[in-house]
Peer 1: 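The structure is given below, and queries will be raised subsequently.
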Amino acid sequence: MEYKLKMDDIDLPVDVNDVDDGSFTAVMDDQEYRVEFVRTSDNTLLMTVNGRQMPVVVVDKDDGKTICLNGCSYELVDEDALAQSVTGRKSARKMPLEVTPPMPAVVVKINVSTGDAVTEGQPVVVVSAMKMETTLYAPFDGVVTGVNTAEGDKVMPGDILVDIQKTDEAGTPQGGDNE
Amino acid sequence: MEYKLKMDDIDLPVDVNDVDDGSFTAVMDDQEYRVEFVRTSDNTLLMTVNGRQMPVVVVDKDDGKTICLNGCSYELVDEDALAQSVTGRKSARKMPLEVTPPMPAVVVKINVSTGDAVTEGQPVVVVSAMKMETTLYAPFDGVVTGVNTAEGDKVMPGDILVDIQKTDEAGTPQGGDNE
Amino acid sequence: MFKKILIANRGEIALRVMAACREMGIATVGVYSEVDKSALHTRTADEAVFIGASEPAESYLNVERIIDAAKQTGAEAIHPGYGFLAENADFARACQDNGIVFIGPPAKVIRDFGNKTVARKMMVDGGVPVVPGMTESNLDAKRVAAHAEEIGYPVLVKAAAGGGGKGMRIVNAPSELAAALESAASEAKAAFGDGSVYLEKYITNPRHVEIQVLADTHGNIIHLFERECSIQRRHQKIIEETPSTAVNDELRQKMGEAAVQAAATAGYVNAGTVEFILDEDGCFYFLEANTRLQVEHPITEMITGIDLVRRQIEIAAGLPLDLKQEDVTARGHAIECRIYAEDPANDFFPSPGKIVCLKEPTGPGIRNDCGVYQGFTVPVEYDPILSKLVVHAENREAAIERMKKALADYVVIGIKTPTQFLADIIDSQPFREGNTLTSFIDTYFPSWEPTLPDKDLAALAFIADGMAGKRVADAVAEGPAEIPLPWQTLGHWRL
Amino acid sequence: MFKKILIANRGEIALRVMAACREMGIATVGVYSEVDKSALHTRTADEAVFIGASEPAESYLNVERIIDAAKQTGAEAIHPGYGFLAENADFARACQDNGIVFIGPPAKVIRDFGNKTVARKMMVDGGVPVVPGMTESNLDAKRVAAHAEEIGYPVLVKAAAGGGGKGMRIVNAPSELAAALESAASEAKAAFGDGSVYLEKYITNPRHVEIQVLADTHGNIIHLFERECSIQRRHQKIIEETPSTAVNDELRQKMGEAAVQAAATAGYVNAGTVEFILDEDGCFYFLEANTRLQVEHPITEMITGIDLVRRQIEIAAGLPLDLKQEDVTARGHAIECRIYAEDPANDFFPSPGKIVCLKEPTGPGIRNDCGVYQGFTVPVEYDPILSKLVVHAENREAAIERMKKALADYVVIGIKTPTQFLADIIDSQPFREGNTLTSFIDTYFPSWEPTLPDKDLAALAFIADGMAGKRVADAVAEGPAEIPLPWQTLGHWRL
């Protein structure tokens, strides 16, 4: 049996054989493993790999599992399972081209109003989480086309707090419901 | 609503009123209680009685529940619920009129054989649990009519290890399959 | 002795104080905000009083409501913990005005030390060495700039009212000064309700070493040795240890005497901490005094065997210290790691949210002062501290090994914590060699990424978990609220 | 230093040794019997080796299989814990013959101390005071009776090979002697494989006070003060504390020196304990020496700050003790309560079975060395010890309060434990006054019944539990085997 596991961008193909009740053998990178396991609670296993025992914590997460062992934490997904679900959610966050908080936070200050011209790197919103203030900057030169939040609001990563239209772009302002 | 609770031989009648989601009032012995509660895990509650909070552990047991609070352990049954189930199991154990171990144990030594005459207080079987030896004695004068165990056997409370017929009883030996 | 104490705080420190109260036979009153209805401290108190909305100003910083809660429940004293109202002189005064004992120093002492510029003046007068800098706070940008030129860059902008690195900025050049002043003032205002800031000379390659003191109402003052608190991120301590690798017996005695002198000068009462900057030449300067129980107090408890919270309560009740300086001895080595809800691989961004899985380390010489539980949602409104993991062992090397083991055993899933980061620091050569300067993180761990040495084993565990059969119910973020009550909360109250 | 150690034991002591190994970077091998397949020690070791059927003789007492397990896994040393093979000279010899280091004293020393009559002779020769009695074991009833007349009743029948009260009987009159000899011999034979018994003068109103010693292979011997172990039921310790209320500094020094003298006389190496009887006049007599780690070793660790298991391993590896007598200082007060699976309200009958619910106490100054977990079925075959609850505080009074709190927080459902009984003892006036004689239980708690002060609250909890909605799944005795793995067992091994 072939598992196509993935951790971040690292492929972890595993060839699994001799599956029995509580044990299997596996080959990864030409290394062979004899694995025995027993569920010790809802989210823990005792796993024995080539005779060495280790407790493991496994918790389901989105499309994959979070696995803790030896003091380290790993996020793994099964690519076959993933193929059947919606993809691409994560990539949207990578480039900070939007004014969105990096963590759940409370809006402390809004420095701009609709219609303001802003330059790249100009502070537009200050948010606060756990008593730490974080300033969100304009990602490029442009014009504020909408302010979607107010001071005191609780906001989440992905919430676009301020809409900015690039100066060098033609056409009408995008988004900006001014809610 | 009237609860007829019982702890060992103590009756604990409780008059329950104002039952709401997560709270009720109760009267016991003319004392009034305002009770709020929330389940904090499978076997724990946080209970607030007249404003004072206390964590409680509750585990189901046979016909009742085991309740731990303030470092003490209580075994309670609901007499109404009990009435519907078989009764009297416990009373059988109270008088040591049978040769049975007080705890799960291993038989170390059997001092008597079928046909032996025994006197009250005579050691008949020695059992061992957790490295402690306990001697079981003849509960009355009589004749051994059956030995139902062998050295090395694991035995449980309620298992009759040796059948003894009272000397002052008439008739044939009772029990004793000699298995 | 008091019969009932209100704890005007939340999280691990509220739990710590409640544990001491229980051992002393004192009933506890907890207070809680909207978002803390199911918090551990709310559940653990003998009585819990709701005091308002989640914003600190409406609840944990609301003097009136906390005083009301104390009156309503008949609490005779209030323990403020650290943070929130712990160093608020008006609160201490309000307690006094309402006939409630404030477990801490007198309002005047809090006010004096609370204003860093007043404190500096006081220390200068008392003969305690201080860092060169302004003796008053001033927001006039030009005058501050002039001061900065006089002191010489780099300078440090500091909040007059605060502590813990909040409202603090290092300024390397005149061009950065205005922005630093503004953001520091804004942060200080939000954190302490007072936006005053001032300047100090920024000492390069410094260590942050503090001395614990205990002073009773009968004029007895002792110190309980030093804590080395130099390992900081964003000017907040993350690892503390005692003894310090930079302090020998002679320096220890000198610093201890200076701390006692500082406390005597101020008329100090109760537990307090005198923070010093220690430079490369072994010179030390008064930095500030923390007029409350310090976050890192457990390491002092472990090496001295003295229960600081119990002592605080006894002192507040008017009992004399039954300890003389010569009775206090230090033994072994203790280290504390702060377990924050934050992501060390991402600029230490706060990481509030639901704790899906929590496994706390245990064992000989391991103590974890924890304020959360599995299933609890860590709120966005407050300090990100989840717990303080503390170890004690015969010597520094054994303490490091014990801490490594404890951190490896510490599992938190659902929110980010720095356990792996802390383990990498503890195990690093610079830490083992004792190079614990305040620049430590910037120097040796400027950008940290988790190493993932066992990804093959993780893959095998992934597969084994799938084969092992369905778990009953994972406490996933969307799952039903599970509120297991850690059993240390068993109340002691009887009808 | 060793790379791998086999632990030839089970339960809490196996876990204790494994924790020390992990901190020292030493891999661990566990061994287990049939009934211990899912035991905590089996799960916690880096490697686990099955060694036989549940009867001790087939597994934990089986020298050959344990030596084989060590060879098979490449373990360089064996830690025997206490009980089982810990004081078996043949086992120590077998280790040596197979090139495996036995973590304990040399076989000859075990043999000398293991035979109580040989030990008594040795101590007399070494100038250590001993209790009047027989210097050889003898089962000839007439000769023993003659000895008893000579010593004078009451006399104590003791197993020559054993310890821990097994095979021990007090005999008050000649008529009881024969029965006592027979039952003691039978119990001794079952427990130690040697039915030899002997007589000693029974000292009335005695205390049982023992001294911890450490001796290295380089001739250094130190003592680590006393442990007061007088609170016993059925001649087995249930509460230990240090310091003893009956020992002042002068007596402490005398007893310490006698213990060091005893160790020196015997050629002792590694950790050991010299047990003394202390009479009402402050006279003390050698009772026996325990040539292994003592059950109650944690209280010494807590007051001295010295890790005894780490020291044992270091000494076995040939390292010299880096401690001199004057380096060892005692601080504060420590108490241990043994949590047995037994029913204190029913003559301390053993109570094996499934642990349906387990909540362990935690907090500053609290340590619980635990060998079981919720869902584990405590087997009938072995010692009933579940865990050792240990507290450390500034003084005896604070330690008592801490222990009371910890015992109140300790919940075990499914089997009987003495937590309430222990709490009643700890809280009693005679205990608080330090009247800790070996007769304590018989005198003050001859028949104990639990007081049930909160039955009304229990009734309310019963009703609340019914209303609170169904729990997901109670771990009832008949339920599916739930095997939660306490997280302290996280292994340290990497591929």
Side-chain angles (χ1 to χ4, degrees), chain A residues 3 5 7-8 10 12-14 16 19 21-24 26 28-29 31 33 35-39 41-45 47 49 54 56-61 64-74 76-78 102-106 108-109 126 128-135 152 154, chain C residues 55-56 83 166 183 186-187 190-191 234 340-343 346-353 356-357 359 378-384 404 407-411 413-414 419-420 423 450-469 471-477:
Chain A
Y3 282 78
L5 303 184
M7 188 179 77
D8 294 330
I10 304 165
L12 295 167
V14 191
V16 173
V19 176
D21 187 22
S23 69
F24 61 87
M28 297 178 77
D29 274 339
Q31 249 199 293
Y33 300 95
V35 181
E36 290 152 83
F37 57 88
V38 56
R39 181 168 298 293
S41 80
D42 275 5
N43 51 21
T44 56
L45 297 175
M47 184 165 75
V49 180
M54 64 200 77
V56 185
V57 177
V58 186
V59 170
D60 288 338
K61 194 206 165 174
K65 299 175 198 268
T66 301
I67 289 155
C68 285
L69 62 87
N70 282 335
C72 297
S73 185
Y74 304 83
L76 271 72
V77 293
D78 183 337
M103 67 279 180
V106 175
V108 172
K109 196 173 172 192
V126 181
S128 166
M130 297 176 143
K131 294 170 76 184
M132 180 180 117
E133 287 192 2
T134 303
T135 303
K154 284 203 191 187
Chain C
E55 302 88 280
K166 298 238 156 55
S183 75
S186 151
E187 199 171 299
R234 224 189 294 128
Y340 283 120
E342 66 182 22
D343 185 358
N346 192 14
D347 240 351
F348 304 102
F349 267 144
S351 178
V356 175
C357 180
K359 312 265 180 203
V378 180
V380 67
E381 283 83 359
Y382 312 116
D383 234 34
K404 268 178 60 184
L407 285 167
D409 285 355
Y410 209 140
V411 176
I413 301 180
T419 52
Q420 281 178 250
T451 53
L452 299 164
D454 297 325
K455 54 186 191 317
D456 287 8
L457 293 177
L460 298 175
F462 186 105
I463 294 163
D465 181 67
M467 292 181 184
R471 52 190 70 105
V472 175
D474 254 7
V476 286

Peer 1: Non-hydrogen atoms of chain A under 4.5 Å away: do they reach the side chain of C:Phe462, the backbone, both or neither?
Peer 2: both
Peer 1: Can you see which heavy atom on C:Ala459 is nearest to which on A:Met28, and at what distance?
Peer 2: CB-CE, 3.7 Å
Peer 1: Provide the closest heavy-atom pair for C:Gln420 versus A:Ser73 in the form atom of the first, atom of the second, distance.
Peer 2: OE1-N, 3.2 Å
Peer 1: Check whether C:Pro56 gets within reach of chain A through its side chain, its backbone, both or neither, counting any heavy atom under 4.5 Å.
Peer 2: neither
Peer 1: Specify the closest pair of heavy atoms between C:Leu460 and A:Phe24, including all atoms of both residues, with the distance to one decimal.
Peer 2: O-CZ, 3.8 Å
Peer 1: Taking side chain as everything from C-beta outward and backbone as N, CA, C, O, which of these in C:Leu452 sits under 4.5 Å from a heavy atom of chain A? Side chain, backbone, both or neither.
Peer 2: both
Peer 1: Check each atom of A:Val126 against the heavy atoms of chain C and say whether the ones under 4.5 Å are side chain, backbone, both or neither.
Peer 2: neither
Peer 1: Less than 4.5 Å to any heavy atom of chain A: does that hold for the side chain of C:Thr451, its backbone, both, or neither?
Peer 2: backbone
Peer 1: Does any heavy atom of chain A fall under 4.5 Å from the side chain of C:Ala190, the backbone, both, or neither of them?
Peer 2: side chain
Peer 1: Which answer fits A:Thr134, side chain, backbone, both or neither, if we ask what part of it has an atom under 4.5 Å from a heavy atom of chain C?
Peer 2: side chain
Peer 1: Nearest 0.5 Å please: distance from the CG atom of A:Leu69 over to the CG atom of C:Asp454.
Peer 2: 5.5 Å
Peer 1: Search all heavy atoms of A:Cys72 against all heavy atoms of C:Pro453 and return the closest pair with its distance.
Peer 2: SG-CD, 3.9 Å
Peer 1: Most heavy-atom pairs under 4.5 angstrom with chain C, which of A:Leu12, A:Asp29, A:Leu76, A:Val16?
Peer 2: A:Leu76
Peer 1: How close do C:Ala461 and A:Val58 get, counting heavy atoms only, and between which atoms?
Peer 2: O-CG2, 4.5 Å
Peer 1: With side-chain contact (heavy atoms from CB on, under 4.5 Å) as the test, would you mind laying out the steps for C:Lys359 and A:Asn43 before giving the verdict?
Peer 2: CA-CA 11 Å; C:Lys359 312 265 180 203; A:Asn43 51 21; 3.6 Å; yes
Peer 1: So does A:Glu133 get a backbone contact from the side chain of C:Glu187, meaning a donor-acceptor N/O pair under 3.5 Å?
Peer 2: no
Peer 1: Which value, rounded to the nearest 0.5 Å, describes the distance between C:Ile463 atom CD1 and A:Lys65 atom NZ?
Peer 2: 10.0 Å
Peer 1: Step by step, work out the side-chain contact (heavy atoms from CB on, under 4.5 Å) result for A:Asp21 and C:Met467.
Peer 2: CA-CA 8 Å; A:Asp21 187 22; C:Met467 292 181 184; over 6 Å; no
Peer 1: Checking C:Pro450 against chain A: side chain, backbone, both or neither under 4.5 Å from a heavy atom?
Peer 2: neither
Peer 1: Among the options A:Pro102, A:Ala105, A:Ala26, A:Ser128, pick out the one with the most heavy-atom pairs lying under 4.5 Å from chain C.
Peer 2: A:Pro102
Peer 1: For A:Met47 and C:Leu457, which heavy atoms make the closest approach, and how far apart are they?
Peer 2: CE-O, 3.5 Å
Peer 1: Pick whichever of C:Asp343, C:Val378, C:Asp383 has the most heavy-atom pairs under 4.5 Å with chain A.
Peer 2: C:Asp383
